[in-house]
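Below is one structure, written out as structure tokens; the observations come after it.
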Amino acid sequence: MKFKIVACSLIMFSNFAAALSMVPADPRAQARKLYFSLTGVTPSTRELDLLEVKMESNKNEAALDIIDQRNEIKNGGAFYTVTVKDMVTPWTNKDGSTLSPLNDMSATIIGWIRDNKQFNQILYTDSVYKAAGVTFKGELKYFPKNQYPGTIANAQQLCDRDIPAADRADRTKSFWIIHNDPFNPNDRNAKKCMATKYNETQLNGFYALDALLLPHLDLVIETNLIASTNAHFESISALGLDLGDPRLLNHSSQEVKLHAYPQAISGLMTTRAYGAAYVIAGTNRAPVAFAMKNFLCKDMEELNDTTIPDLRNRRDVDRSPGGTSATYKTRCIGCHAGMDGLAGAYAYYDYTTEKLIYKPGVVSTKMNHNVVFNEGFVTQSDQWINLWVEGQNASLGWGQTTVGEGVKSLAVMLSETEAFHSCMAKQVYEKVCFRKVSTVWDKTRVKNLTSSYKSDSFNMKNLFINASLSCLGD
Amino acid sequence: MKKNHSFLRILSLSSFLGLASCVGVEKPVVTPGNGSTTSGVDGGADGGADGGTNGGTTGIDPQALNVKSVRVKNYNQYNTSLEKMTGINRSVHNELFNALKGSLPADNQIAGMTPFNLIAMSRLADAYCTSFVDLKFSKSEFPATTDEAIAMFIATFLDTAPASQPEYYQALSVEMEKIYDSGTLFPEADTNPLLKHRNSSIAACVVVLASPYVTLLE
């Protein structure tokens, strides 16, 4: 019986879905489609009323209204919290999953897009985005020490306990924060959960001051240490905060917050999340392989080129796998020759104790272990060389940089490629148009989007807008 | 167990509302193959995620269809939609959302939709609707009559104006009235009219928020 009900539901669901696809492309339907394209959430009638008018005069402005919540558009920053986050979260884990929580890498990307920064510099520029809150003013309620909840999720429940159900559900009426016990700041167990409730007049006063009412994350010691924990970013997600709010995520240097040495810093490629995903364990080839996949849209299989000399292939690569050197020559060398030449950039990095560690001048032991071929390359520094500038992979459109030392120069080289720009255009197009680039028509559009992206100072926000408008009439 | 039954009923009615929505907006079309005119109500097993194998008895013109263009909201898009539409901050239901995350659609491909996705969507909608209705009740803002409650749901959640789309509006109202009129959905609340009104309202709310109007990206 249950199966029958669910089956019927599915059939009815499909019928309705089919009917909806016939909606004519009038301005209102277009506004609705643009809203879905950029945010993935359902617009209100009021928003459609406003956007419908603008769609006829200036579609770009309508898109900007949706993205940055201007002119009465309110969507909780869904462009950043949903669309951008969903697109970039797979870059931050090996599985390519969108289910991972917000982290320093995805927060930094969101911040760069929100602030209209030149996206072609994000791989190497010293930058990380984290939250900075505003401490509540007003009467705070303290909870007894033995009732301190321990986790942020529990803290919310505890803080909510004495607040009427009506106000609990309405976050414009109740807030909560966690604060160190001012009398014992170093004792974690002494932290107090404090809840406060403001009436509408008080809240309006805060809004008038443009104060951002959120937990003061800087005061939570473990979440301020973004180098060794992701709790800071996970708490932002759990609180459902608007990632598009310019008062929430703020730019800062990676120095001190993530790394002790300036030479260790290289934009996204030295964030904690990048280390946690790709530098952990292994042989430090993954940071290169996944940079190719995520930033140049090229899997290693696509880059396989057996014509490249194997002078940089390390000692852990078996030259006769299964007892035959033919396998090495016809398969293994194709990826390793290029990849091993580049992976030296990460020679001084390791990911241990939940942290991306950089030791200047000290080659990580994992770079040279598992020796199966003594005559192989021994990594002695963080020098790297790009052996893919010739052969089939020359088509990636490399720039001037082809050799270097450390991650930053490697990141500069990746940023100079044509493939980086077209890859961004391709991923944005697939995200907002809800389909893979497969037809000639799609490929032409991506090519045009890439051109406009480059001539537009690599503005990702505009790339999203242009891509969503390009498939509006589909 | 009883609650599960309620979910399934709501789920069924939810989808039925979606079907009824088709009735309201769709003009009768002549189906190629047999020349018969249908209204779309008796559309059966075609029009599925992959375009279906058309038997020629549906009310949907296959020439006008591009079923592949229909997308379903993923877990994040759906959760944010519910937050936006009800005004209930997502942190209130974060625990349930995290528990359901794996059961909600992972991407936008409707071909991958399963009954489990629909059930998970209904459960999440139920949580938001409960908060939404209780919030209104606690502020004494919730309409006292069924008609007013239905009007409020349609006005709040759907882009439907009674004046400009009378047939569509009427079809929606009729379907939602069935929830309120049903004597079997919440029999335990019969003795308490206010509780019954609340529970029926939550169910009516779920019918809207778990319907294709909200779950699809169209």
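In what follows, chains carry the letters A, B, and so on, assigned in the order in which the sequence lines appear, proteins first and then strands, with residues in each chain numbered from 1.
Neither the backbone nor the side chain of B:Asn98 comes within less than 4.5 Å of any heavy atom in chain A. In this structure, the portion of A:Leu48 lying under 4.5 Å from any heavy atom of chain B is its side chain and not its backbone. No part of A:Thr83 comes within reach of chain B, as not one of its non-hydrogen atoms sits under 4.5 angstrom from that chain. For A:Arg28, the part lying near chain B is the side chain, with the backbone staying farther off; criterion is any non-hydrogen pair under 4.5 Å. Contacts between A:Asn75 and chain B at a heavy-atom distance below 4.5 Å involve backbone atoms as well as side-chain atoms. Interface remark: B:Asn76 contributes backbone and side-chain atoms alike to the contact with chain A (heavy atom separation under 4.5 Å).
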Intermediate values then yes/no, side-chain contact (heavy atoms from CB on, under 4.5 Å), B:Glu83 and A:Val41: CA-CA 10 Å; B:Glu83 178 193 34; A:Val41 303; over 6 Å; no
B:Lys84 and A:Thr39: CA distance, side-chain angles, deciding distance, side-chain hydrogen bond (donor to acceptor under 3.5 Å, both in side chains) verdict: CA-CA 11 Å; B:Lys84 179 175 182 289; A:Thr39 67; over 6 Å; no
Test B:Gln109 against A:Phe434 for side-chain contact (heavy atoms from CB on, under 4.5 Å), laying out the working first. CA-CA 8 Å; B:Gln109 305 308 311; A:Phe434 306 113; 5.8 Å; no
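Of the charged side-chain nitrogens involved, none lies within less than 4.0 Å of a carboxylate oxygen, so that A:Arg32 and B:Asp159 do not count as a salt-bridged pair.
A:Phe36 is not listed as a side-chain neighbour of B:Arg71, based on a closest heavy-atom distance of 4.5 Å or more. Between A:Asp86 and B:Tyr75 the shortest side-chain heavy-atom distance falls below 4.5 Å.
At distances below 3.5 Å, not a single donor-acceptor pair connects side-chain atoms of A:Ser44 with backbone N or O atoms of B:Thr156. The main-chain N or O of B:Ser81 is never found under 3.5 Å from a side-chain atom of A:Thr42 such that the two would form a donor-acceptor pair.
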